[in-house]
Amino acid sequence: MSNSIRARAHAKVNLHLGVGPLRNDGYHDLVSVFQSLSLSSIVEITPAGTPSASLVAGLRADAPGVPEDASNLAWKAAEALAQRSGETLEPITIALHKGIPVAGGMAGGSADAAATLKALNATLQRPLSQNVLLDIAAELGSDVPFTLLGETRVGTGRGEALAPLLSRGEYHWALAFAKQGLSTPEVFAKLDTMDREPHLSYEAVAQALLKADANALAAALHNDLQAAALSLRPELRKVIAMGERAGALRGIVSGSGPTCAFLCADADAAQEVAAELGVYYRTATATGPAPGATVLEGSTWSI
Ligand code: C5P
């Protein structure tokens, strides 16, 4: 068995994303309903076995567009965890096996960071508590705390202040990925130039989730960032229309985009929508809710 520890990093969609005005610190107050999806990446941490000036001796990703240096959020997560733990850790290498699209509005980078926290924490002599991990996660990025916990939650503040939301049933999604990602800061900046009213109430989403009613959830889905993403990528309108024609209950831009997420009545419908859109785009199906970052069984670690 290889000597590495692996953790699964889950994608998210926003069932509701209400964006308040720009704050003085450059962030926006959000009211977000996150749902974790089965779509995932794997983070693998291995002892480097060689001396290194920094904790992370190297980082590799199997997808283009992922920084492989200290700017990668997974790298930052490892360093932040080591620092907070006070333990002296042996150098590691990090491999990211990306199943979540890069810059796709599905918190792929945040999920890698959350999975890195979980994985490396499991190797500590005195693992940190979940609350401390959440603290570190919030410093790393607005979506990192949610990807640590998963399931269905309401996020306020920058999105990092979380409360669980009751959700019944399983929801089936088809996802259409774009070749080129969108920059989250650019999408927020575009939104700031638009004349709009923030849509902060998520009551309709909460009611639909309580009733396990996919039709009601489809009608209630809302994303304030969608107008900005569509303005930067007008062709996403066609993607959404095509998915809805193929039988989706409703299509929306996921987070800051450009991934389009289609809520479907059941697994067969999701397959059908993914297959029809798959002629033109890379697609996947996924279910939600899913767990947060999880260390995989069978990981071994000895240094
Ligand atoms: O927190 P994170 O680093 O993931 O945020 C990336 C960018 O997204 C921020 O620099 C900011 O431009 C934008 N953002 C925002 N308001 C939020 C979350 C993110 O404006 N609540």
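The structure presented is a predicted model; accordingly, all values stated were derived computationally and were not measured. Remember, it's 1-based here, ligands and their atoms both numbered in the order they're listed.
Considering both main-chain and side-chain atoms, His28 comes within under 3.5 Å of ligand 1 through a nitrogen or oxygen pair.
Under a 4.0 Å criterion applied to the non-hydrogen atoms of Gly26, ligand 1 contributes the atoms 20 (O). Within ligand 1, counting atoms from 1 as listed, the ones closer than 4.0 Å to a heavy atom of Leu30 are 21 (N). Close approach of ligand 1 to Arg158 is summarised as follows: ligand atoms under 4.0 Å from at least one heavy atom of the residue are 1 (O), 17 (C), 18 (C), 21 (N). When each atom of ligand 1 is checked for a heavy atom of Gly141 under 4.0 Å away, the hits are 1 (O). When each atom of ligand 1 is checked for a heavy atom of Thr184 under 4.0 Å away, the hits are 8 (O).
For Arg158 and Asp29, the salt-bridge test fails: no basic side-chain N is under 4.0 Å from an acidic carboxylate O. For the pair Asp135 and Arg84, the salt-bridge criterion is met [side-chain N within less than 4.0 Å of a carboxylate O].
Using a 3.5 Å distance cut-off with no hydrogens or angles, the side chains of His28 and Asp192 do pair a donor with an acceptor.
Ring-plane geometry between His199 and His16 is classed as tilted, the angle between the planes lying from 30 to 60 degrees on a 0 to 90 degree scale.
For atom 7 (C) of ligand 1, the closest non-hydrogen atom of the protein is Pro185 CG, 3.9 Å. At the shortest separation from atom 13 (C) of ligand 1 among protein heavy atoms lies Phe188 CD1, 3.4 Å. Nearest protein heavy-atom neighbour of atom 9 (C) of ligand 1: Tyr27 CE2, 3.8 Å. Shortest contact from atom 1 (O) of ligand 1 to any protein heavy atom: Ser142 OG, 2.5 Å.
Proximity of a side-chain donor or acceptor of Thr285 to a complementary backbone N or O of Ala270 within less than 3.5 Å is not detected. Using modelled atom types, one side-chain atom of Asn121 and one backbone atom of Leu128 make a donor-acceptor pair closer than 3.5 Å.
Two residues are said to be in side-chain contact when any heavy atoms from C-beta on lie closer than 4.5 Å; Leu59 and Asp69 fail this criterion.
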